[in-house]
Q: 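Sending over a structure as structure tokens; questions will come in a sec.
Note that this is a predicted model, so its numbers are computed, not measured.
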Amino acid sequence: MLRSLLLIASILLTIGCGGREVVDDPETSYAGIADFFSFVNDKLEADQARAIADVFANVVGLVGDQEAFGGANLRRHGLRPLAAQARDLLASGSITDEQRSRLAQSLGTLDIPQDVLDAYSRPATSPSPFRNVALQDNVACRTIWTEGFPPPGPEPIICFVYYEWLDRDGDAHRIYVPVEWEGDEAKELYFDAAADAIHGAEDVYGDWAPFGPSRIVFALLPDSDDPNTVASVPSTHSRPYCPVTIFGNFEIDAVEDFAQSVAHEYFHCFQDTAIGVTTNYSTAKWWIEGAAEYFSNTVYPSTNDEQGSLSDFESAINTVALVDMSYESNVFFQYLENRLGSPGAVFDLVRTLPPGGSRPGQMAALGGLPDAANVFQEFAQAYLDKAITDSGGGALPIGPFEIPRDHLLDGANEATLEAAPFTFGRYRVNYVEGDEYDIAITSGSVAGNQGTHPPGETGGWEPYPNRIEAGCSEQELSVVITSVAPVERDLFRLFVTPTLREVEEDECDECVIGKWVVNTEESLSPAVFGSMLSDDFDFRLVSNSGNVFLSLHENGRVEQEADNFETLFASSTSSGEVRSRIRINGSMEGNYVLSNGTITLDITTSITEASASVEVPIVGVMADEPFDLDGLMEELIMEPATYSCEGDRLEIQTPTSGGALFGPLYSRVSDDPPS
């Protein structure tokens, strides 16, 4: 992936595309600007100027890893903070002339001053920006790249041709191409892709804030030791334009991935102008890089180069806080688009984040976003459900997920579930078959959120249940807990205390497990409505249509669903025949308990969308009356009922408040209730 391009030591401000570890010495690891300079002080006798020069030379392929880093295990990041450090050293007067010369040469090779670049360049001379330019002295141009660009003489050679255009706001954009590559059709595809990326980024980012001018330079340099080094924004320091350097190995990427990487780089410049120049990359990189990855995908929604870091997120999120991540945090910003509705809404949120400051300050800013606690918990749940939709459509290819071994718990034991701020505390709890539990749930002083559901299911996240019915079959819970506490050491703790309770006789009847449908013609009778209507009514069934389903699960969960159910009755009164129609649509869910030949359906959790009405013709007019479905369910369901189950036939005799029995007969639809 081209994103990994400029990355050098976990210290550096990544404005490049992507980062991967280079492991030479497994016993040495450095993870910050302070650690990096501690390393160069130790290895290079406190010669920071030489250290920085070697870093730049390594990135452009002139110095190997061993010479630059002494074999240390450094995480490669962008060159931006190092460029700033180099400029500070050049301005300090505290380095020798030799150090100054070498440092200026390295910096100038990576980020050529505009006046020097223009002295070695000329505009395209034909309608096509990349063809028909006279060849120059290629050997001399390569030597200049290797040794650095000196101030031009009275007749400088021409090493570049550039193409320039104005955008919709009148800003100028240029692409500089080595003359040596003129006529190379394979490379021209990348030149065109870079121009397309600028146009695309302007179309997207330019709707939120002024875009500004830009400059892309395709560098005539040897390939870097790092095969992922492709492009860099070394610095916007004192630049009236966005500078992007493309290194000589850019063809390692497919053209479409390369274009998305350029869009990533341009978001960094856009962030500088629209949000603020980064003041502390090491603390802000979680959103600087993650947002640039996400927003580059809004320019190229079907390319999805950013998805290459999804595995990094998955391997880290159990123990690494979101605020300590980099490119891989793009999945969080993609979730925000799903939640907020548009990339523009995500940008409005991103521009409230600080471009520097301390790590606690970043944590406080993230935790201070609107409804942050619920947002982060629901992000975790959507991620685990693999239900985050990409900007280009379709779900992100997330997973598989692995629960840490010490997070696989036996439900019979007391347990403390923990989550550090902005991580996912993922657990799986097993309750063995044959036991049932009452569960006491308490939490510590630090606030947090929690959600559970059976493994393998999606959606339907609920708080940790207070009762586990494992008498008939093993039950498992997937649990995720989160916290947005602003201090790292403040862990959210969930204390789970089980109490074994006695299993009732005959509580396990596998016959009832499955999905059932009411046999309406046999089940409905005048007694059903006896408690609601006058005894003067003599009902007879005229017709019924639609279905009523009952799904009974091994874990004691029950769902009832009316699917366009309608029944029509006629009755004779002293005034003549009256017809009544009942319509029901919707669903309810809860728990059931079997005991000694009885079943109790406890609809404690209702997601009712049902509606019902009674239509009575009066003087030729049909008058609708509301039908209290919830009240009916309370009458018909909350009391224990006798049942019998054999094969594909289930009958439940439910007493009503009037003493009558509602005796629905069910036919089996399937042995497995829907998940």
Q: Decide yes or no on ring pair (Phe, Tyr, Trp, His ring centres under 6.0 Å) for Tyr176 and Tyr163, but give the supporting numbers first.
A: CA-CA 7 Å; Tyr176 291 80; Tyr163 172 62; over 10 Å; no
Q: Is a side-chain donor or acceptor of Gln307 paired with a backbone partner of Ile398 at a separation under 3.5 angstrom?
A: no
Q: Working to the nearest 0.5 angstrom, can you tell me the gap between Asp118 CG and Gln114 CD?
A: 4.5 Å
Q: Between Asp324 and Arg359, does at least one N-O distance fall below 4.0 Å, as a salt bridge requires?
A: yes
Q: Considering non-hydrogen atoms only, spot the tightest contact between Val346 and Leu336 and give its length.
A: CG2-C, 3.9 Å
Q: Can you list, pair by pair, the side-chain donor-acceptor contacts under 3.5 Å of residues 386-393, counting residues two or more places apart and other chains?
A:
residue, atom, partner, partner atom, Å
Asp390, OD2, Gly392, N, 2.9
Ser391, OG, Gln334, OE1, 3.1
Ser391, OG, Gln334, NE2, 3.4
Ser391, OG, Glu337, OE1, 2.7

Q: What are the two closest non-hydrogen atoms of Trp286 and Leu366, and how far apart are they?
A: CH2-CD1, 3.7 Å
Q: Can we say Arg215 and Asp171 salt-bridge, meaning some charged N sits less than 4.0 Å from an Asp/Glu carboxylate O?
A: no
Q: If only atom types and distance count, is the side chain of Gln362 paired as donor or acceptor with the main-chain N or O of Pro354 below 3.5 Å?
A: yes
Q: Is there a side-chain contact between Val177 and Glu188 in this structure, where contact means two heavy atoms from C-beta onward sitting under 4.5 Å apart?
A: no
Q: Give the C-alpha distance, both sets of side-chain angles, the deciding distance and a yes or no for side chain to side chain donor-acceptor pair (under 3.5 Å) between Asn304 and Asn297.
A: CA-CA 6 Å; Asn304 298 326; Asn297 186 233; 3.1 Å; yes
Q: Please report the C-alpha distance between Asp305 and Ser296 in whole Å, then the side-chain angles of each, then the deciding distance to 0.1 Å, and finally whether the side chain to side chain donor-acceptor pair (under 3.5 Å) criterion is met.
A: CA-CA 9 Å; Asp305 190 45; Ser296 72; over 6 Å; no
Q: Cys269 versus Phe211: any side-chain heavy-atom pair under 4.5 Å?
A: no
Q: Do the side chain of Ser315 and the main chain of Ser311 share a donor and acceptor less than 3.5 angstrom apart?
A: yes
Q: What do the steps show when you test Leu310 against Val331 for side-chain contact (heavy atoms from CB on, under 4.5 Å), and what is the final call?
A: CA-CA 7 Å; Leu310 284 176; Val331 65; 4.0 Å; yes
Q: Would you confirm whether the ring centroid of Phe376 sits within less than 6.0 angstrom of the ring centroid of Phe424?
A: yes
Q: To the nearest 0.5 Å, how far apart are CD in Glu202 and CG in Asp207?
A: 9.5 Å
Q: Taking the six-membered ring for Trp, are Phe295 and Phe267 parallel (under 30°), tilted (30 to 60°) or perpendicular (over 60°)?
A: parallel
Q: Could you tell me the separation between the OH atom of Tyr120 and the CD1 atom of Ile158, rounded to the nearest 0.5 Å?
A: 10.0 Å
Q: Can you tell if the side chain of Tyr294 reaches within under 4.5 Å of the side chain of Ser329, non-hydrogen atoms only?
A: no
Q: Kindly compute the distance separating CG (Asn318) from CD1 (Ile403), expressed to the nearest 0.5 Å.
A: 7.0 Å
Q: Using salt bridge (Lys or Arg N to Asp or Glu O under 4.0 Å), reason through Asp192 and Lys187 one step at a time and then give a plain yes or no.
A: CA-CA 9 Å; Asp192 290 336; Lys187 286 183 169 59; over 6 Å; no
Q: For the backbone of Gly361 and the side chain of Ser358, can you confirm whether one donor and one acceptor N or O come within less than 3.5 Å of each other?
A: yes
Q: Hey, are Arg426 and Glu314 close enough for a salt bridge, meaning a charged N less than 4.0 Å from a carboxylate O?
A: yes
Q: Quick check: His264 with Phe258 (ring centres under 6.0 Å apart)?
A: no
Q: Run the side-chain contact (heavy atoms from CB on, under 4.5 Å) test on Thr423 and Leu322 for me, step by step, so that the C-alpha distance in whole Å, both residues' side-chain angles and the decisive distance to 0.1 Å come before the verdict.
A: CA-CA 7 Å; Thr423 65; Leu322 186 69; over 6 Å; no
Q: What's the shortest heavy-atom distance between Ile198 and His173, and which atoms?
A: CG2-ND1, 3.6 Å
Q: In terms of relative ring orientation, are Phe218 and Trp181 parallel, tilted or perpendicular, with 30° and 60° separating the classes?
A: perpendicular
Q: Calculate, to the nearest 0.5 Å, the distance between atoms OG1 and CD belonging to Thr298 and Gln260 respectively.
A: 9.0 Å
Q: Kindly determine whether Glu256 and Thr303 satisfy side chain to side chain donor-acceptor pair (under 3.5 Å), including the steps that lead there.
A: CA-CA 7 Å; Glu256 58 271 19; Thr303 299; over 6 Å; no
Q: In the structure I gave you, are the side-chain heavy atoms of Asp196 and Val262 within less than 4.5 Å of one another anywhere?
A: no
Q: Determine yes or no for a side-chain-to-main-chain donor-acceptor pair under 3.5 angstrom, with Tyr300 supplying the side chain and Ala197 the backbone.
A: yes
Q: Looking at Asp371 and Arg339, does any basic side-chain N land under 4.0 Å from a carboxylate oxygen?
A: yes
Q: Answer with yes or no after comparing the ring centroid distance for Phe250 and Tyr190 against a 6.0 Å cut-off, counting only values under it.
A: yes
Q: Anything under 30° is parallel, anything over 60° is perpendicular, the rest tilted; go ahead and classify Tyr383 against Phe401.
A: tilted
Q: Of all heavy-atom pairs between Ala263 and Tyr205, which one has the smallest distance, and what is that distance?
A: O-OH, 3.1 Å
Q: Tell me, with the steps shown, if Val244 and Val217 meet side-chain contact (heavy atoms from CB on, under 4.5 Å).
A: CA-CA 6 Å; Val244 179; Val217 178; over 6 Å; no
Q: Answer yes or no: does atom CD of Glu402 have more than 12 heavy-atom neighbours from other residues, nucleotides or ligands under 6.0 Å?
A: no
Q: Taking the side chain as everything from C-beta on, heavy atoms only, tell me whether Leu369 gets closer than 4.5 Å to Val375.
A: no
Q: Can you give me the closest heavy-atom contact between Ala186 and Glu251, atom names plus distance?
A: CB-OE2, 4.1 Å
Q: side-chain contact (heavy atoms from CB on, under 4.5 Å) for Gln377 and Val480? Distances and angles first, verdict last.
A: CA-CA 8 Å; Gln377 175 69 23; Val480 61; 3.6 Å; yes
Q: Can you confirm whether Ser121 sits close enough to Tyr162 that some side-chain heavy atom of one is under 4.5 Å from a side-chain heavy atom of the other?
A: yes
Q: Can you see which heavy atom on Gln271 is nearest to which on Gly276, and at what distance?
A: NE2-O, 2.7 Å
Q: Could you tell me whether a side-chain N or O of Asn330 sits under 3.5 Å from a main-chain N or O of Glu293, the two making a donor and an acceptor?
A: no
Q: What class does the angle between the rings of Tyr335 and Phe379 fall in, given that below 30° is parallel, 30 to 60° is tilted and above 60° is perpendicular?
A: tilted
Q: If you round to the nearest 0.5 Å, how far is CD of Glu306 from CD of Glu328?
A: 13.0 Å
